[in-house]
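Numbered from 1 within each chain, the chains take letters A, B, ... in sequence-line order.
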Amino acid sequence: MSPETLAQLLQGITNITWQSVVMMLIGGLLILLAVVKEYEPLLLLPIGAGAILTNLPLSPLVGEGGMLSILYNVGVSNELFPLIIFIGIGALTDFGPLLENPKMVLLGAAGQFGIFLTLILALLLGFNRSEAASIGIIGAIDGPTSIYVSGILAPHLVGPITVAAYSYMALVPLIMPPVMRLLTTKAERSIKMPYTQREISQRTRILFPIIVTVAVGIAVPFATPLIGMLMLGNLMRESKVVERLTHASANELANVVTLFLGLAIGSTMKGVDFLQLGTLAILGLGLLAFFLDTATGVLFGKLMNVFSGGKFNPLIGAAGISAFPMAARVVQKEASREDFSNFILMHAMGANAAGQVASVIAGGVLLALMGAG
Amino acid sequence: MSPETLAQLLQGITNITWQSVVMMLIGGLLILLAVVKEYEPLLLLPIGAGAILTNLPLSPLVGEGGMLSILYNVGVSNELFPLIIFIGIGALTDFGPLLENPKMVLLGAAGQFGIFLTLILALLLGFNRSEAASIGIIGAIDGPTSIYVSGILAPHLVGPITVAAYSYMALVPLIMPPVMRLLTTKAERSIKMPYTQREISQRTRILFPIIVTVAVGIAVPFATPLIGMLMLGNLMRESKVVERLTHASANELANVVTLFLGLAIGSTMKGVDFLQLGTLAILGLGLLAFFLDTATGVLFGKLMNVFSGGKFNPLIGAAGISAFPMAARVVQKEASREDFSNFILMHAMGANAAGQVASVIAGGVLLALMGAG
Amino acid sequence: MSPETLAQLLQGITNITWQSVVMMLIGGLLILLAVVKEYEPLLLLPIGAGAILTNLPLSPLVGEGGMLSILYNVGVSNELFPLIIFIGIGALTDFGPLLENPKMVLLGAAGQFGIFLTLILALLLGFNRSEAASIGIIGAIDGPTSIYVSGILAPHLVGPITVAAYSYMALVPLIMPPVMRLLTTKAERSIKMPYTQREISQRTRILFPIIVTVAVGIAVPFATPLIGMLMLGNLMRESKVVERLTHASANELANVVTLFLGLAIGSTMKGVDFLQLGTLAILGLGLLAFFLDTATGVLFGKLMNVFSGGKFNPLIGAAGISAFPMAARVVQKEASREDFSNFILMHAMGANAAGQVASVIAGGVLLALMGAG
Amino acid sequence: MDNIAFGLWMTVMGMGTVFLLLVLLMLMLRGIGWLDQRGKRTPPTPSHTAPTDHAAGEDFTEPEPAAPGELTPELIAAISIAVITHARVRRGQAAPAMRQVQPGSQLFASRWVSVGRSYQNQPWKAR
Amino acid sequence: MDNIAFGLWMTVMGMGTVFLLLVLLMLMLRGIGWLDQRGKRTPPTPSHTAPTDHAAGEDFTEPEPAAPGELTPELIAAISIAVITHARVRRGQAAPAMRQVQPGSQLFASRWVSVGRSYQNQPWKAR
Amino acid sequence: MDNIAFGLWMTVMGMGTVFLLLVLLMLMLRGIGWLDQRGKRTPPTPSHTAPTDHAAGEDFTEPEPAAPGELTPELIAAISIAVITHARVRRGQAAPAMRQVQPGSQLFASRWVSVGRSYQNQPWKAR
Ligand code: NA
Ligand code: NA
Ligand code: NA
């Protein structure tokens with residue numbers, strides 16, 4: 001056998017680098033988290049698999065004509081996949097609790113402070129402005145928004161930002177409670193709030209997505225794609241005349257796109273690019289963004305408590321960070337921990353839905369302020 | 001705050017035009033028709049939503065890299081979406097009533113006169129030949145055919161033509177009856193026709209789509225894509241061995257493509273282009289095409305009545321316009337109105353299925369005569 | 001009517017060639033096999049339909065902007081469709097029988113000899129090296145692998161190779177038994193093998209696809225896409241936490257892609273290119289590859305019988321050719337023919353699953369040795 | 001320092017815009033809610049007798065107490081929910097009995113067919 | 001005037017071609033129907049005893065009255081429909097018991113497995 | 001002859017690599033199987049009491065005989081299978097009761113809602 005043939009046959013082994021080994025281990029870790037801990041498995045498993053497949057030596061799946069690169073070009077670089085997923089999320093979301101209680105909308109805004117505080121910290125750490133804004137958007141605590149915004153502002157960071165966003169979203173039940181307990185007293189956490197269910201007419205439910213789309217679209221044109229697709233899905237859901245489309249958006253289409261999106265995100269985690277100090281900083285800043293969001297949410301809740309004369313449970317403020325619908329559940333759990341009979345879930349759901357809308361708006365505002373699009 | 005920053009922040013508001021406002025209202029009207037009146041909601045709701053999203057100021061959804069433009073390029077400009085929908089329609093259509101009664105085929109031809117009469121009128125109104133042919137194809141009274149043909153001959157008119165085609169198809173129960181009553185006597189409408197169900201073997205059902213494809217494809221090559229996809233769906237349906245594919249074509253695939261097609265069509269309704277006198281003329285001519293089709297269909301029915309010695313109910317001719325399967329239902333309703341016990345639905349279904357095939361053939365013939373493709 | 005107009009109208013008929021007629025008949029034959037004999041109808045029906053639609057005179061479905069050509073470019077020329085189908089196959093495959101009985105892995109290797117023997121014969125018949133390798137890969141007896149490899153090495157032969165691969169796979173119950181009976185004695189066929197079911201933990205089931213991907217990917221980088229997608233599907237299946245994705249891959253996605261893949265393959269069967277002596281040679285060589293695979297599989301089974309001291313039923317070797325899961329069934333059928341109470345299906349399933357993996361590896365090795373990718 | 005100034009400016013402008021928009025949204029929601037309540041006090045006469053028989057635009061949340069003679073409100077509620085659910089399921093399947101038209105569907109036709117065939121065989125004169 | 005001439009030419013040519021094609025289609029349908037009827041009068045012997053056991057090419061529209069001893073025609077019809085529906089559902093699921101092969105499916109295998117395992121455990125000699 | 005040499009070289013190299021790889025694979029499978037068996041002899045203490053209540057990483061193949069007092073093993077087996085199937089179905093639907101989070105799903109919430117509403121109406125003091 002000639003030396004060239006031998007080299008040809010062993011090229012797989014000779015092209016292994018320590019970065020690729022580390023990245024395959026990270027991919028395995030993501031799969032482990034997805035399978036054993038069930039942390040957002042729908043996205044973390046494909047991302048992990050994509051990371052492994054990308055970092056195999058000489059992988060033909062990435063690069064010119066590679067399947068994962070094709071998926072990336074078809075749906076991530078042009079932002080198609082996150083927008084399609086937003087249609088499905090809209091089709092699954094019930095904005096009823098928000099419509100019943102419009103003042104909850106304000107809590108959604110408070111939960112976005114973390115975006116901008118993280119942005120400042122990222123600037124201090126030396127990231128440039130586009131990168132800092134992309135890192136900040138982890139604080140939107142909403143997967144597709146993070147992918148959409150970072151895909152436009154800093155495509156080379158989409159990998160770590162997406163991994164951070166989804167990993168921490170899965171960790172919300174661990175991240176939020178300490179902050180909530182630190183910033184509230186036992187008495188505050190035990191505040192009960194009456195819940196009077198109000199009839200929401202179908203007309204209101206149908207008008208809501210249209211009005212939100214038009215209002216937000218005029219005020220922040222950069223937010224039109226995000227809010228437009230979220231509300232399109234919700235309009236289809238509430239119209240009740242296109243169940244075929246609603247069902248397809250929330251199921252078949254969402255499933256296929258989620259799989260492809262995960263693989264494509266994984267394909268951006270090439271060892272040489274990923275294994276840098278910056279990635280570690282992004283992971284740290286992302287975690288910080290989650291803490292900051294929760295803190296500002298709770299603090300705003302305390303402010304509303306003051307204004308309402310002590311009748312508002314400040315925990316609900318924490319649900320405004322989005323992380324829909326986990327955050328609302330965590331809030332209810334904390335409230336139940338103090339008083340088993342306290343039921344504030346419906347209020348928390350309202351704040352949570354508002355957080356979803358506010359995250360999308362904040363993403364658009366960020367894009368507008370960066371002058372990109 | 002500097003004036004530039006202010007201008008940047010208010011650019012959404014400053015870029016509103018009266019055309020965009022009107023178009024958003026039209027989009028809202030389409031959604032209203034879809035939701036309240038349930039006029040073809042599967043297409044009119046996405047079209048309406050697409051029109052709103054397109055006409056929001058500075059909408060990033062249209063133009064280079066915009067999601068709706070991507071959908072348009074991916075599926076409308078290359079005619080992929082209407083053809084895929086045709087597979088689904090074929091998979092849902094039972095040509096049994098036509099196979100039981102082959103002479104009904106002729107009625108399908110009679111219902112296409114409106115295409116050409118409308119074409120002449122459009123020429124008289126000053127449209128050029130390609131535009132006139134595209135407007136005429138509204139008279140095919142079949143959504144995907146209209147999109148396919150106008151997309152090739154006059155892509156800039158796809159928006160109004162599609163809206164006209166689907167809106168009037170939803171209005172068929174209002175448009176047809178007056179014409180039918182005007183052109184027939186009470187005695188004619190009361191004619192009963194015996195219906196002897198004939199066994200259609202599975203072999204015939206499988207041969208039918210193949211033979212039609214080959215015959216039409218050889219005679220009118222331009223019709224090959226339309227008839228080929230319609231008959232492919234029907235072949236899969238009747239073969240009974242590929243239910244997985246049949247089901248996927250008629251459901252998941254059709255749903256997703258319908259949603260994307262509607263959004264993409266809506267994205268062509270940009271205010272400046274849409275709000276022109278020509279659009280109004282198209283809407284008027286389209287309505288006329290529906291009336292003309294119905295009239296020629298009924299008149300041909302009367303001719304067949306004469307030839308059959310008074311045993312043919314001329315109402316059935318009106319079912320030849322296609323608008324599958326609404327037209328057949330309207331015909332039966334009119335017949336029942338005169339005589340509650342008169343059941344001519346099966347004959348009407350045959351004429352209706354023939355109309356579907358004839359519409360597709362007429363579309364191909366139109367393309368062939370225009371020398372385009 | 002001017003002569004030009006007449007020529008224009010009759011261009012469909014004047015452009016018929018004997019090749020196109022023959023190809024339409026072949027397309028009809030494929031549909032007949034799919035419908036009447038139910039030979040792999042999910043692929044042969046779309047391929048047959050695609051062949052007919054492609055060979056209609058002046059068919060607008062092929063060529064620049066033609067739907068079938070679009071499908072070909074979107075999914076076959078870049079190998080996307082076979083890889084997506086591999087995800088679905090992985091999601092449907094249970095590697096349990098292989099994990100219970102690791103030594104069956106070797107049988108999977110033995111069933112690939114036909115690939116290389118056929119390659120040599122193809123070289124002798126005058127095919128060039130790339131073509132010969134593509135013809136040899138029919139011996140992988142696995143549809144997507146054949147499409148993937150031949151699509152890279154000899155795209156102009158994808159049509160006949162795919163048709164041969166799927167047609168013969170449907171004929172496996174007729175092709176295998178004579179070879180199996182010829183090479184084994186009645187005593188050998190009657191050997192009973194104890195089957196002790198071993199618990200396979202979920203951990204093993206999840207580790208298996210990851211380890212196989214990494215090991216094969218490092219050893220044969222060219223095999224990464226094939227093995228990676230197969231194992232991705234299997235990982236999703238065994239993880240049990242992403243049923244939505246598993247279900248979508250194995251159903252909606254697989255169905256749509258199968259339909260499009262079949263049509264696209266059919267579109268490569270243009271008469272002038274297909275009707276050549278070479279195609280006939282390919283069909284003959286493909287059949288030979290099936291016989292050779294079965295023979296070497298059985299012979300290797302006999303070898304294992306010798307080593308195991310007569311306790312190994314050599315029929316099981318034939319299941320190593322892949323043709324998953326038909327081959328295992330045929331093996332069991334032959335064993336039952338000799339002794340009704342002999343149950344070797346589980347062993348055969350193990351060999352069969354090994355054959356599936358081995359086929360994919362062999363495809364990658366072939367690509368590596370050809371230096372292509 | 002330039003970067004910090006930029007960051008603070010982003011924070012102020014960003015959170016300002018977000019809060020402003022959400023306050024606007026809150027006001028609009030309040031407005032819709034107020035219209036809703038007013039609409040309920042003066043229920044408009046059902047003016048949509050369009051070609052659609054009964055499915056379009058009906059207010060699902062308010063089944064009217066039809067025939068309160070013997071039925072208890074609970075029973076009426078249960079029946080209403082059953083009917084609404086049925087209608088929704090049928091619509092979900094795009095059954096043309098509920099929907100005006102599902103392009104290409106024969107489901108509707110087949111029901112008419114079965115009814116009509118029996119008519120044709122046992123002609124019963126309505127008038 | 002040129003345009004009107006063009007329009008009229010289009011109408012004549014267009015409707016002429018459409019009618020011509022549909023007349024052709026009608027004749028072909030008649031032809032197939034005639035073959036169908038003739039084929040029914042002289043039913044061909046069932047010649048397809050291919051590897052497929054029973055599913056392929058069978059004529060679903062004519063379940064033959066098998067064993068008319070005690071069963072009423074209605075009962076036979078009901079059973080036939082049930083069997084056909086069952087077969088269709090199984091095919092829809094691509095269950096390999098009905099279909100020769102579904103690439104990659106294990107459904108079939110698992111049934112054999114369960115049968116086979118019980119054989120292996122309680123060996124019953126057929127001969 | 002050059003071609004035949006090439007073909008033979010391909011055969012030797014190709015089959016050699018394939019066999020080599022599959023032997024490697026076999027050894028790895030043996031290794032995993034050995035680890036598996038060893039893991040079973042010394043069952044590790046269930047260390048995953050993560051936020052997920054009980055669904056994650058559990059070994060479906062070994063439902064432990066809990067409460068063997070009166071229940072027959074068959075009954076226990078049947079119940080276990082039912083519970084596992086139920087859990088699997090719920091996971092398949094991505095119901096967040098089993099899954100930590102399904103982005104955007106309200107299914108979980110609605111169950112809490114119904115429970116919570118009744119709490120709010122009939123306040124029952126736990127402590
Ligand atoms: Na947020
Ligand atoms: Na028509
Ligand atoms: Na093989």
Side-chain angles (χ1 to χ4, degrees), chain B residues 74-75 77-84 86-87 148 152 202-203 206-207 209-211 213-229 231-233 235-236 238-249 251-257 364-365 367-369 371-373, chain C residues 5 8-16 20-21 24-25 27-28 31-46 48-50 52-71 74 248 251-260 262-263 266:
Chain B
V74 159
S77 71
N78 59 11
E79 311 295 333
L80 196 62
F81 287 168
L83 292 179
I84 290 176
F86 256 136
I87 301 179
Y148 183 84
I152 289 173
Q202 208 195 342
R203 193 180 58 184
I206 289 171
L207 281 178
I210 299 175
I211 289 176
T213 302
V214 172
V216 173
I218 288 175
V220 194
F222 285 110
T224 299
L226 289 166
I227 201 80
M229 290 303 127
M231 289 300 149
L232 169 63
L235 172 64
M236 296 198 300
E238 300 297 352
S239 78
K240 292 199 167 65
V241 293
V242 289
E243 275 90 353
R244 284 171 69 106
L245 304 186
T246 314
H247 187 266
S249 317
N251 292 279
E252 293 90 17
L253 188 55
N255 292 342
V256 169
V257 168
V365 168
L367 285 176
L369 292 175
Chain C
T5 308
Q8 173 93 352
L9 279 177
L10 296 178
Q11 59 179 336
I13 293 160
T14 52
N15 275 284
I16 297 176
S20 62
V21 172
M24 284 193 270
L25 289 176
I31 293 175
L32 188 80
L33 290 175
V35 174
V36 176
K37 300 278 184 190
E38 295 201 38
Y39 283 172
E40 297 277 357
L42 293 178
L43 245 119
L44 288 190
L45 191 143
I52 292 179
L53 291 170
T54 298
N55 287 286
L56 281 169
L58 305 173
S59 173
L61 283 168
V62 286
E64 176 106 20
M67 177 182 172
L68 298 186
S69 299
I70 291 173
L71 292 180
V74 160
N251 292 279
E252 293 91 16
L253 188 56
N255 292 343
V256 170
V257 169
T258 301
L259 173 61
F260 287 170
L263 289 173

Pick out which of B:I84, B:L253, B:V256 makes a side-chain contact (heavy atoms from CB on, under 4.5 Å) with C:V256.
B:L253
Does any backbone or side-chain atom of C:N251 lie under 4.5 Å from a heavy atom of chain B? Answer side chain, backbone, both or neither.
both
Residue selection (most heavy-atom pairs with chain B, distance under 4.5 Å) from C:L68, C:L10, C:T258, C:L56:
C:L56
Mind listing the closest non-hydrogen atom pair of C:G12 and B:P221 along with its distance?
CA-CG, 3.7 Å
Is C:I52 close to chain B through its backbone or its side chain, or both, or neither, when contacts mean heavy atoms under 4.5 Å?
side chain
So, the part of B:M229 with a heavy atom under 4.5 Å from chain C: the answer is side chain
Under a 4.5 Å heavy-atom cut-off, does chain C meet the side chain of B:I218, its backbone, both or neither?
both
Nearest 0.5 Å, what's the CG-CE distance between C:L42 and B:M236?
10.5 Å
Where on C:I31 is there a heavy atom nearer than 4.5 Å to chain B: the side chain, the backbone, both, or neither?
side chain
Side chain, backbone, both or neither: which part of B:S77 has an atom under 4.5 Å from a heavy atom of chain C?
neither
Just how far is it from atom CG of C:L43 to atom CG of B:L245, taken to the nearest 0.5 Å?
8.0 Å
If I take atom CG from residue C:L263 and atom CD1 from residue B:I87, how far apart are they, to the nearest 0.5 angstrom?
6.0 Å
Considering all heavy atoms of both residues, which atom of B:V241 and which atom of C:A34 are nearest to each other, and what is their separation?
CG2-O, 3.7 Å
Under 4.5 Å, counting heavy-atom pairs only, tell me which of B:S239, B:G217, B:P225 racks up the most with chain C.
B:P225
Is B:E79 close to chain C through its backbone or its side chain, or both, or neither, when contacts mean heavy atoms under 4.5 Å?
neither
Do the non-hydrogen side-chain atoms of B:T224 and C:L58 ever get within less than 4.5 Å of each other?
no
Go through the atoms of C:L259 and report whether side chain, backbone, both or neither lie under 4.5 Å from a heavy atom of chain B.
both
Need one label for C:I13: side chain, backbone, both or neither, based on atoms under 4.5 Å from any heavy atom in chain B.
both
Nearest 0.5 angstrom please: B:L226 CG to C:M67 CE, how far?
11.0 Å
